[in-house]
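Proteins come first, then strands; the chains are lettered A, B, ... in the order of their sequence lines, and each starts at number 1.
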Protein chains: 2
Amino acid sequence: MRDVAALAGVSLKTVSRVVNDEAGVSQDVRERVAAAVSRLDYRPNLAASNLRRTGARTGVVGALVQDLSNSFSASLLRSLEDSARLRGTAVLAASLDEESDREVELVHDLVTRRVDGLVLMPASERQDYLVAELRTDTPAVFVDREPRGVDADSVVVDNRAGAALATEHLLARGHRRIAALVDMESIRTASLRHAGFTDAYAGRHLPPDPRLVVTSVRSTDEATTVMHSLLELDDPPTAVFCGRNILSVGAVRALSERGLQHRVALVGFDDFPLADLLDPPLTVIRQDVRRIGSMVADLLFDRIDGNSAPPQHIVLEPTLVVRGSGEIPPPG
Amino acid sequence: MRDVAALAGVSLKTVSRVVNDEAGVSQDVRERVAAAVSRLDYRPNLAASNLRRTGARTGVVGALVQDLSNSFSASLLRSLEDSARLRGTAVLAASLDEESDREVELVHDLVTRRVDGLVLMPASERQDYLVAELRTDTPAVFVDREPRGVDADSVVVDNRAGAALATEHLLARGHRRIAALVDMESIRTASLRHAGFTDAYAGRHLPPDPRLVVTSVRSTDEATTVMHSLLELDDPPTAVFCGRNILSVGAVRALSERGLQHRVALVGFDDFPLADLLDPPLTVIRQDVRRIGSMVADLLFDRIDGNSAPPQHIVLEPTLVVRGSGEIPPPG
DNA sequence: CCGCGTCGTGACAACGTTGTCAGGGACATG
DNA sequence: CATGTCCCTGACAACGTTGTCACGACGCGG
């Protein structure tokens with residue numbers, strides 16, 4: 001900047017004025033400075049500018065998701081990115097892999113980096129630690145999972161109702177032996193989906209078979225293994241509800257390996273690319289990811305703009321997408 | 001920091017020393033400062049610190065990819081993130097959607113933000129503009145597509161050889177009427193894959209049917225449409241080569257809609273999740289995305305650490321993954 | 001008891017900006 | 001011609017941090 005000022009024969013402050021498009025600079029000075037700027041390829045130092053300006057913004061928001069390479073997280077991030085771009089904001093993204101230590105660490109890091117806001121798909125069970133972090137008044141919006149131990153905006157789907165919808169869909173077709181594969185109970189979405197499964201049985205005054213309900217299924221491969229062992233029972237399930245997209249994939253794989261994909265019904269929670277091209281096409285509970293992303297962005301930027309109303313907790317209803325796998329009738 | 005110094009009864013500089021773990025501070029002063037830091041919940045201002053330090057790093061790298069929600073870009077980003085995390089670096093990610101204007105704009109933005117390095121999957125045909133940007137000596141590493149008009153490290157797969165491999169696989173099984181669906185010729189990877197397709201025919205001294213070669217296929221939906229029209233020809237293709245994962249999906253959809261998925265052979269470029277669960281499972285050319293990501297990271301951080309050797313251009317060989325769709329014989 | 005090196009500490013300037021305020025010139029008014 | 005007003009411009013301090021250097025206390029050998 002000093003060089004630009006020297007070249008244009010003006011003071012530092014005048015360069016600053018031109019660069020920031022402030023009023024009160026004569027036309028010819030403005031042009032001289034602009035010429036010097038482009039000749040020297042000058043770039044303002046954002047860090048210094050933020051330092052000086054009072055309450056300036058860094059133009060960066062942080063997004064902590066479950067796993068960047070998972071289609072749900074990736075789509076969410078993409079949707080967030082689009083909204084952020086419109087506001088001249090960039091997105092720092094990181095994966096948590098359900099590790100709450102990493103969450104605490106990364107949140108701390110992002111707050112220290114002075115991000116303007118935080119989008120959080122928490123891995124931890126409680127986020128009490130956030131109270132201290134957010135004293136720096138960095139707004140945070142939760143997505144996919146509601147906050148606990150701290151109050152903040154959130155956008156989630158009604159996981160319990162969605163799981164119940166899926167299960168009822170199978171019950172209505174006459175299935176009585178329905179297996180359920182869900183992730184660790186400590187993950188809020190997983191336990192809610194488990195609860196929804198139970199709700200649907202309760203709604204018909206029927207008891208689920210506890211041996212068919214497997215929790216703590218963490219990966220696609222585990223889902224495959226679990227599904228194989230369920231199918232080897234003397235009295236195997238005639239249908240299966242999968243609590244997460246990667247588990248549906250694992251279950252489908254096990255069914256295919258046994259040639260049972262047209263015999264055992266399956267409804268999965270979360271849609272994913274190509275679910276409609278599987279054989280049979282997969283019936284799923286779908287969340288509108290792009291809508292979730294844009295609502296999250298709206299809430300977040302509203303906070304960044306200073307809105308300090310009480311936190312909002314938005315709950316979206318997921319929908320059942322009927323494609324074939326969930327409509328396979330029970331044998332006999 | 002001033003408050004911390006006051007509370008601990010020391011000078012600013014001493015607080016700085018403790019925070020940065022510098023030598024030359026007595027044990028009890030160190031403890032007093034540490035106590036004050038945690039009591040006041042003090043966070044060093046990274047921006048100010050970077051401003052003062054000579055040649056300091058922001059601990060952020062930028063990654064510009066094609067589309068964050070595309071599984072290839074997402075996996076690449078994830079792999080990059082893992083490497084970056086080990087180096088205490090965060091990743092700013094953005095999607096280009098093949099728009100070169102956006103690329104120029106975002107690169108400028110990232111350089112202005114003083115990122116430590118840049119990972120670029122370029123949308124533009126030439127990157128001459130980078131020469132000016134990189135005068136600020138921000139290192140850049142190209143991925144998936146080699147640089148043109150500027151010299152920089154790159155990691156790509158041998159697109160031409162991969163496409164030839166796919167095509168030859170079909171030719172070897174007796175197919176003579178092979179369709180090819182590729183993206184815009186202006187995208188380097190697309191034109192190379194197209195060239196590979198031609199190479200394979202040339203290798204057998206056979207001419208491809210130009211009516212079966214469709215370029216500028218941009219989306220899954222377009223691929224579906226194109227595939228349908230090809231199948232309606234009097235002399236339809238008996239096999240198809242798809243130049244990109246999303247095009248394979250579109251082609252599979254068209255084949256499924258016509259019940260031809262077991263009659264027409266298909267080999268796609270780029271693997272994707274669930275390709276093995278389709279009916280029939282998809283034969284593809286696979287790039288090792290995680291390996292690419294980690295090589296890119298290694299090159300980039302090496303540059304950030306000051307290596308100024310001539311740029312390296314790493315070319316990885318893709319592999320053919322045989323799963324079924326590519327082994328369907330021609331009729332008769 | 002003196003000189004010297006070592007160790008812990010602090011004062012000060014500087015990083016690249018911008019907010020504040022004051023100065024000087026042009027012009028209009030009385 | 002004195003005075004007031006407006007417009008443009010620049011000097012200076014400050015944002016939060018760290019590199020440099022200097023200072024005083026201490027211990028040691030002569």
Side-chain angles (χ1 to χ4, degrees), chain A residues 1-37 40-60 108-109 111-116 135-138, chain B residues 1-37 40-60 88 109 111-116 135-138:
Chain A
M1 186 154 168
R2 189 168 31 226
D3 300 337
V4 173
L7 181 59
V10 296
S11 76
L12 282 180
K13 179 62 209 186
T14 300
V15 175
S16 166
R17 274 193 264 259
V18 174
V19 170
N20 293 300
D21 228 5
E22 284 175 39
V25 181
S26 67
Q27 195 53 39
D28 76 314
V29 169
R30 197 177 286 277
E31 278 162 19
R32 251 172 33 230
V33 173
V37 163
L40 296 180
D41 194 32
Y42 161 78
R43 289 154 199 286
N45 183 323
L46 241 94
S49 173
N50 283 331
L51 187 58
R52 183 59 177 85
R53 279 196 233 261
T54 44
R57 296 185 185 163
T58 51
V60 178
H108 189 83
D109 182 58
V111 171
T112 300
R113 285 179 192 277
R114 306 290 200 273
V115 294
D116 295 336
R135 261 205 303 254
T136 59
D137 56 36
T138 309
Chain B
M1 186 154 168
R2 189 166 34 222
D3 300 338
V4 173
L7 181 60
V10 297
S11 74
L12 282 179
K13 179 62 208 188
T14 300
V15 175
S16 167
R17 274 192 264 258
V18 174
V19 170
N20 294 299
D21 229 5
E22 285 175 37
V25 182
S26 68
Q27 195 52 39
D28 74 317
V29 169
R30 196 176 287 276
E31 278 162 19
R32 251 170 36 228
V33 172
V37 163
L40 297 180
D41 194 31
Y42 161 78
R43 287 156 200 286
N45 183 324
L46 242 99
S49 171
N50 283 332
L51 186 58
R52 183 59 178 85
R53 279 195 232 261
T54 43
R57 297 182 186 167
T58 52
V60 178
D109 182 58
V111 172
T112 300
R113 284 179 193 277
R114 307 289 201 273
V115 294
D116 295 336
R135 259 204 305 251
T136 60
D137 58 37
T138 308

In this structure, which one of A/Val4, A/Leu7, A/Val29 forms a side chain to side chain contact (heavy atoms under 4.5 Å, CB included) with A/Val15? A/Val4

Without decimals, in angstroms, what is the distance between B/Arg52 CZ and C/dG16 C1'? 12 Å

Separation of A/Leu46 atom CG from C/dT17 atom P, in whole Å? 10 Å

Once you apply a heavy-atom cut-off of 4.0 Å, does A/Arg114 come out as touching a base, just sugar-phosphate, or nothing? nothing

B/Arg113 side chain to A/Gly59 backbone, donor-acceptor under 3.5 Å: yes

Under 4.0 Å between a side-chain N or O of B/Arg53 and OP1 or OP2 of D/dT18? yes

Of B/Lys13 and B/Ala48, the one whose closest nucleotide on DNA chain D sits nearer the 5' end is B/Ala48

List in chain and number order the residues that pass side-chain contact (heavy atoms from CB on, under 4.5 Å) with A/Val18, two or more places apart in sequence or in another chain; answer none if no residue qualifies. A/Val25, A/Arg30, A/Val33

Heavy-atom donor-acceptor pair, A/Arg114 side chain to A/Thr112 backbone, under 3.5 Å: yes

For D/dG16, does OP1 or OP2 lie under 4.0 Å from any side-chain N or O of B/Ser49? no

Candidates D/dG16, C/dT18, D/dT18 - which lies nearest the side chain of A/Ser16: C/dT18

Do side-chain atoms of A/Arg17 reach the backbone of A/Glu22 as a donor and acceptor pair under 3.5 angstrom? no

Phosphate-side-chain proximity, A/Ser11 and D/dA11, N/O vs OP1/OP2 below 4.0 Å: no

A/Ser26 vs D/dC7: side-chain N/O to OP1/OP2 distance below 4.0 Å: no

Quickly work out the B/Asp3 CG to D/dT17 C1' distance and round it to whole Å. 15 Å

For B/Asn45 and C/dG16, what is the distance between atoms CG and C1' respectively, to the nearest whole Å? 14 Å

Would you mind classifying the nucleic acid contact of B/Val19 as base, sugar-phosphate or nothing, using non-hydrogen atoms under 4.0 angstrom? nothing

What integer distance in Å separates B/Asn20:CG from D/dG19:C1'? 12 Å

B/Asp28 CG to C/dT9 P, straight-line distance once rounded to whole Å: 7 Å

Given DNA chain C, 5'-ward residue of the pair A/Arg2 and A/Glu22, judged by closest heavy atom: A/Arg2

Between B/Arg17 (CZ) and D/dC21 (P), how many Å, whole number? 14 Å

Quick check: on DNA chain C, is the nucleotide nearest B/Ala23 upstream (toward 5') of the one nearest A/Tyr42, or the reverse? Name the residue that is more 5'. B/Ala23

Take the protein atom CG of B/Leu51 and the nucleotide atom P of D/dG19, then report the distance between them rounded to whole Å. 12 Å

Against the side chain of B/Val29, the closest entry in D/dG16, D/dT9, C/dT9 is C/dT9

